[in-house]
Amino acid sequence: MTIAQLARKTVRELTPYQSARRIGGSGDIWLNANESPFANEYTIKCDRLNRYSSCQPEELLQAYADYASVKKEQVLTSRGADEGIELLIRAFCEPNQDSILYCPPTYGMYAISAETFDVQTKTVPLTAEWQLNLPEIETCLDGVKLIFVCSPNNPTGNLINRRDIEALLDMTAGKALVVVDEAYIDFCPEASTVDLLDQYPNLVILRTLSKAFALAGLRCGFTLANSEVIELLLKVIAPYPVPVPVTDIAVQALSPSGLAKTKFQVLDIHANRAYLQAGLGMLPDVTVFDGYGNYLLVKFPNADALFNALWEHGIILRRSPIENCIRISIGSRDECEKTLAFIREQLEQKPA
Ligand SMILES: *Cc1c(COP(=O)(O)O)cnc(C)c1O
């Protein structure tokens with residue numbers, strides 16, 4: 001037997017998530033992974049690294065609970081929100097029996113995590129307005145344990161109607177958990193569903209420090225849910241999931257001065273997003289969709305050629321599965337200006 005044949009069938013057949021990092025590219029403007037352009041400074045203490053970390057560091061849970069206006073018992077911290085997705089699937093879905101449901105076009109990791117654990121995936125595409133198709137979802141709930149709803153949705157950028165999320169929570173009460181992925185909610189905190197936690201025992205919310213908090217490299221995420229759900233997730237999490245330096249840095253990011261800094265940086269990104277949206281929106285045959293996160297989905301007349309020209313020029317953006325659409329992360333003002341200028345030049349070159 002070859003080593004490859006020793007692997008599980010599921011793993012042999014799996015296509016890994018095509019993360020921005022895996023796709024590669026070379027350039028000096030990276031607007032393909034919804035990272036923050038801000039690199040903030042932190043201090044770390046190295047005097048207790050001989051000891052294991054606590055499984056769920058109290059000070060980190062408390063800091064995030066205070067930030068999110070929930071109780072500490074409603075918070076779980078993990079290696080990014082991505083690990084939260086995985087823990088939910090492992091804790092709630094019986095392999096080769098239960099399913100998750102998600103609504104494309106959306107974030108790719110729900111499907112990949114499910115497939116890795118031999119959990120089936122059901123899809124109910126978003127409507128033409130990129131909203132939940134509730135009647136269709138209702139007909140597909142057999143065997144579904146988790147329903148992933150991403151708001152603001154990646155890659156479309158829009159918010160999912162709160163009323164629809166509430167209707168979905170009612171529809172699935174006692175049958176399935178509704179997991180609202182709020183990875184980008186810090187760019188529009190007023191749209192959070194976190195206030196519904198006390199009302200709905202089947203609501204789970206995913207959060208991360210990777211986007212607005214400018215800490216993608218830290219790998220720190222949070223799952224917010226009622227304590228019953230959190231306790232189940234704690235049964236399947238690794239014994240020491242949060243490295244000591246991660247807690248040190250995350251607690252600084254969630255301190256009053258850290259939060260103030262993030263607030264300013266979010267305002268800056270809003271301004272750059274408005275700049276890019278206005279600039280791109282003026283170009284002929286270009287559609288910029290309203291976006292609530294740190295990225296914009298943009299439709300171009302010939303997205304493939306444009307994407308490649310940008311790539312060759314060292315401006316790395318993200319292809320989207322939506323026809324002729326490119327997702328552009330909001331970078332610094334300088335990066336936005338250079339990207340807009342290059343795109344304008346390319347589109348003007350094209351003969352009509
Ligand atoms: C970036 C992203 C995540 C993952 O965040 P990490 O905390 O970095 O793992 C989850 N969901 C969505 C929609 C994202 O865009």
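Numbering of ligands and ligand atoms starts at 1, following listing order.
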Problem set entry | Atom pair OH/OG of Tyr184 and Ser151 - distance to nearest 0.5 Å | 12.5 Å
For this session: Please write down residue, atom name and distance for the protein heavy atom closest to atom 9 (O) of ligand 1.
Result: Arg219 NH2, 2.8 Å
Seminar exercise, completed: So for Ala81 against ligand 1, with non-hydrogen atoms under 4.0 Å, the contacting part is both
Exercise. Is ligand 1 less than 4.0 angstrom away from at least one heavy atom of Ala216?
Worked result: no
Problem set entry | Residue Cys150 vicinity, atoms of ligand 1 by number, heavy atom under 4.0 Å | 13 (C)
Exercise. At under 4.0 Å between heavy atoms, which part of Met109 makes contact with ligand 1: side chain, backbone, both or neither?
Worked result: neither
Problem set entry | Ser210, any N or O under 3.5 Å of ligand 1 N or O | yes
Exercise. Hey, looking at atom 7 (O) of ligand 1, which of Leu215, Thr208, Leu206, Asn294 has the closest heavy atom?
Worked result: Thr208
For this session: Specify side chain, backbone, both or neither for Asp181, according to which of its non-hydrogen atoms lie closer than 4.0 Å to ligand 1.
Result: side chain
Problem set entry | Check: Gln277 side chain, Leu296 main-chain N or O, donor-acceptor pair, under 3.5 Å | no
Problem set entry | Derivation of the side chain to side chain contact (heavy atoms under 4.5 Å, CB included) call for Glu335 and Asn272 | CA-CA 9 Å; Glu335 291 170 322; Asn272 294 348; over 6 Å; no
Exercise. In this structure, which one of Leu31, Asn32, Leu340, Ile315 forms a side chain to side chain contact (heavy atoms under 4.5 Å, CB included) with Ile328?
Worked result: Leu31
Problem set entry | Side-chain touch Tyr102/Cys150, heavy atoms, less than 4.5 angstrom | no
For this session: Among all protein heavy atoms, pick the one closest to atom 4 (C) of ligand 1 and tell me residue, atom and distance.
Result: Asp82 OD1, 3.3 Å
For this session: Distance to 0.1 Å, residue and atom name: give those for the protein heavy atom nearest to atom 15 (O) of ligand 1.
Result: Tyr184 OH, 2.6 Å
Exercise. Nearest protein heavy-atom contact for atom 14 (C) of ligand 1: which residue, which atom, what distance?
Worked result: Lys211 NZ, 3.1 Å
Exercise. Heavy atoms, side chains only, cut-off 4.5 Å: are Asp181 and Tyr107 in contact?
Worked result: yes
For this session: Assess the side chains of Asn40 and Gln252: does a donor N or O sit below 3.5 Å from an acceptor N or O?
Result: no
Exercise. What are the atoms of ligand 1, with element, lying closer than 4.0 Å to any heavy atom of Gly80?
Worked result: 6 (P), 7 (O), 9 (O)
For this session: Answer with yes or no whether the side chains of Glu182 and Ser192 bring together a donor and an acceptor at under 3.5 Å.
Result: yes
